[in-house]
There are 2 protein chains.
Amino acid sequence: MPREIFQRFLIEKRLKLTKERIEVLNEVFSAHDHFGPEQLYLRLRNAGSKASRASVYRTLNLLVESGLVEKITRTDKGSVYEHTYGHTHHDHMVCSICNRIVEFYSEYLEQLQDEICKKHKFSGVSHSLEIKGYCETCRKQ
Amino acid sequence: MPREIFQRFLIEKRLKLTKERIEVLNEVFSAHDHFGPEQLYLRLRNAGSKASRASVYRTLNLLVESGLVEKITRTDKGSVYEHTYGHTHHDHMVCSICNRIVEFYSEYLEQLQDEICKKHKFSGVSHSLEIKGYCETCRKQ
DNA sequence: AGACTAGTTGATATTAAATCTCAATTTCAG
DNA sequence: CTGAAATTGAGATTTAATATCAACTAGTCT
């Protein structure tokens with residue numbers, strides 16, 4: 001299904017469905033976690049793909065554009081992505097010690113975005129709430 | 001007042017209050033807007049300071065550590081900071097076209113953080129909500 | 001199917017933000 | 001004032017991400 005969406009996206013933009021793009025797409029959707037470009041590149045190599053770093057970066061940008069993948073955050077060690085298709089929207093809590101990411105969802109937050117945007121005459125498209133703090137494990141130390 | 005807080009912070013950490021650090025501090029608090037390291041560096045030069053880029057970066061990190069300044073976001077063109085002392089907490093809406101930043105505050109959001117953290121046994125320290133979309137001016141085009 | 005056109009790839013160069021290096025300098029406690 | 005310890009600046013370094021471009025495909029048109 002992500003494959004079809006991506007394909008439609010590519011046709012719309014007059015772009016081509018290449019071997020490399022398919023491999024990146026598959027790899028992105030074969031795991032359900034947060035990943036960086038380099039990490040993805042290594043996984044692809046490991047899986048036998050010969051796609052270059054350049055192609056990984058380029059395809060990742062296309063996947064974000066198509067809405068299948070989201071760039072969650074930028075750290076000092078590069079960007080972090082996750083695929084969104086098949087997952088409902090959610091936000092993140094990040095532990096400042098171990099960098100563990102806890103996902104959460106709040107219906108109220110979604111409504112809040114609408115209200116705030118209306119008040120400021122802003123046309124909200126997406127939001128990301130990141131809560132920084134300490135996870136249960138790290139707090140106990 | 002920010003000066004005193006910074007000074008106390010430096011003493012606590014056995015660091016020194018140098019000319020360069022004072023100049024950076026003053027420049028950061030002399031304007032009330034969002035800025036990047038390079039921008040700050042140029043303002044300092046313009047104001048007659050001879051502080052180097054390295055010192056600007058180093059001092060900026062100290063100011064964040066001390067709590068006087070916050071790193072709002074990281075864009076593909078570097079980090080964006082704002083000084084927080086003298087300003088109440090707020091979040092940001094960013095226009096995807098003109099990059100204009102609109103500030104807003106929601107008491108409800110503050111409560112929401114507490115509730116969500118309690119539910120997930122997470123010890124929340126801070127949060128940042130960034131709403132992406134289109135500002136009024138850009139939407140009209 | 002064959003061929004043409006426009007987009008894609010990969011290796012490498014490039015860019016740019018941020019940090020690191022280290023000799024010379026400055027702060028500040030005693 | 002003196003000395004130990006921190007800081008500075010200039011430039012080197014690191015590293016994520018993008019740009020370059022000749023060789024190569026995908027997909028369309030006939």
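Chain letters run A, B, ... following the sequence lines, proteins first and then strands; every chain starts at 1. Small disclaimer: the values here were computed from a predicted structure and weren't measured.
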Whole-Å distance separating the [atom1] atom of [X] from the [atom2] atom of [N]:
X: L62(A); N: dT8(C); atom1: CG; atom2: C1'; answer: 11 Å
X: L60(A); N: dA16(D); atom1: CG; atom2: C1'; answer: 13 Å
X: F6(B); N: dT7(D); atom1: CZ; atom2: C1'; answer: 12 Å
X: L40(A); N: dA16(D); atom1: CG; atom2: P; answer: 14 Å
X: L44(A); N: dG10(C); atom1: CG; atom2: C1'; answer: 14 Å

Is it the case that one hydrophobic cluster holds both L63(B) and V125(B), taking links as side-chain heavy atoms less than 4.5 Å apart, direct or via other members?
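Different clusters.
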Please work out which of the three classes, parallel, tilted or perpendicular, describes the rings of F6(B) and F9(B), given edges at 30° and 60°.
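Answer is parallel, since the angle falls under 30°.
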Taking C-beta and beyond as the side chain, do V28(A) and Y85(A) meet within less than 4.5 Å on heavy atoms?
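Of all side-chain heavy-atom pairs linking Y85(A) with V28(A), none is under 4.5 Å.
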Nearest 0.5 angstrom please: H87(B) NE2 to E82(B) CD, how far?
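One finds 7.5 Å between NE2 of H87(B) and CD of E82(B).
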So OG of S66(A) and CD1 of I5(A): to nearest 0.5 Å the spacing works out to 8.0 Å
Determine which pairs satisfy ring-ring contact (aromatic ring centres under 6.0 Å, His included) with at least one residue from residues 101-128 of chain A, sequence neighbours left out, and list them in order.
H89(A)-H127(A)
For every nucleotide of nucleotides 15-30 of chain C, 5' to 3': is a protein heavy atom under 4.0 Å from its base (B), only from its sugar-phosphate (S), or from neither (-)?
--SSBBB-----BS--
Candidate nucleotides dG10(C), dT8(D), dT9(C), ranked by approach to the side chain of R21(A) - the nearest
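Nearest listed nucleotide: dT9(C).
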